[in-house]
Amino acid sequence: MVTPDVAADVISRSLRLVMLIVSVLLVPGMLVGLLIGLLQAATQINEQTLSFLPRLLVTLLVIALTGHWLTRTLMDFCVEAFRGAATLTG
């Protein structure tokens with residue numbers, strides 16, 4: 001039987017996992033964007049590709065470096081969720 005405590009626990013773990021995955025993918029791009037923005041402000045160069053391309057490359061690099069870990073983490077969560085659902089239904 002699914003109680004409110006069990007549902008809140010599942011939602012809490014899901015949201016934590018989503019925040020972890022999103023932060024792993026977004027934080028490096030945001031830091032590079034900040035550095036490029038500071039560089040653009042200091043040199044007064046306002047080229048759009050100068051800010052977009054480094055962020056894209058860093059994001060792709062992060063995906064390449066952490067892709068295996070991200071996939072394993074999601075798979076572990078899904079397996080755990082299905083096992084938990086099997087025990088809840090009785």
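Qualifying side-chain hydrogen bond (donor to acceptor under 3.5 Å, both in side chains) partners for Gln40, counting only residues two or more places apart in sequence or in other chains: none. Shown here are the side-chain hydrogen bond (donor to acceptor under 3.5 Å, both in side chains) partners of Gln44, two or more places apart in sequence or in another chain: there are none.
Enclosure of atom CZ in Arg72 by more than 12 non-hydrogen atoms of other residues, nucleotides or ligands within 6.0 angstrom is indicated.
In this structure, Leu25 CG and Leu60 CG are separated by 10.5 Å, a value rounded to the nearest 0.5 Å. Rounding to the nearest 0.5 Å places OG of Ser14 at 11.0 Å from CE of Met19. Between the CZ atom in Phe77 and the CG atom in Leu20 there is a gap of 12.0 Å [rounded to 0.5 Å].
Residue Leu26 is grouped with residue Val18 when hydrophobic side chains (ILVMFWY) are merged at heavy-atom distances under 4.5 angstrom, including chains of intermediate members. At a threshold of 4.5 Å between side-chain heavy atoms, the hydrophobic network of Ile, Leu, Val, Met, Phe, Trp and Tyr places Phe52 and Ile63 in two separate groups. Two different hydrophobic clusters hold Met30 and Leu65 under the rule that ILVMFWY side chains link at heavy-atom gaps under 4.5 Å. Cluster membership check: Val58 does not share its hydrophobic cluster with Leu35, using side-chain heavy-atom separations under 4.5 Å among Ile, Leu, Val, Met, Phe, Trp and Tyr. There is a path of hydrophobic side-chain contacts, each under 4.5 Å, that joins Val62 to Leu17.
Of the candidates Leu53, Thr59, Leu61, Leu53 is the only one forming a side chain to side chain contact (heavy atoms under 4.5 Å, CB included) with Leu57.
Closest heavy-atom contact between Ser51 and Ile36: CA-CG2, 3.7 Å.
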Inset, instruction - Report the C-alpha distance between Thr71 and Leu74 in whole Å, list the side-chain angles of each, state the deciding distance to 0.1 Å, and finish with yes or no for side-chain contact (heavy atoms from CB on, under 4.5 Å). - result: CA-CA 5 Å; Thr71 305; Leu74 280 172; 5.9 Å; no

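Among residue pairs with one or both ends in residues 15-31, those qualifying as side-chain hydrogen bond (donor to acceptor under 3.5 Å, both in side chains) are Ser12-Arg16; sequence neighbours excluded.
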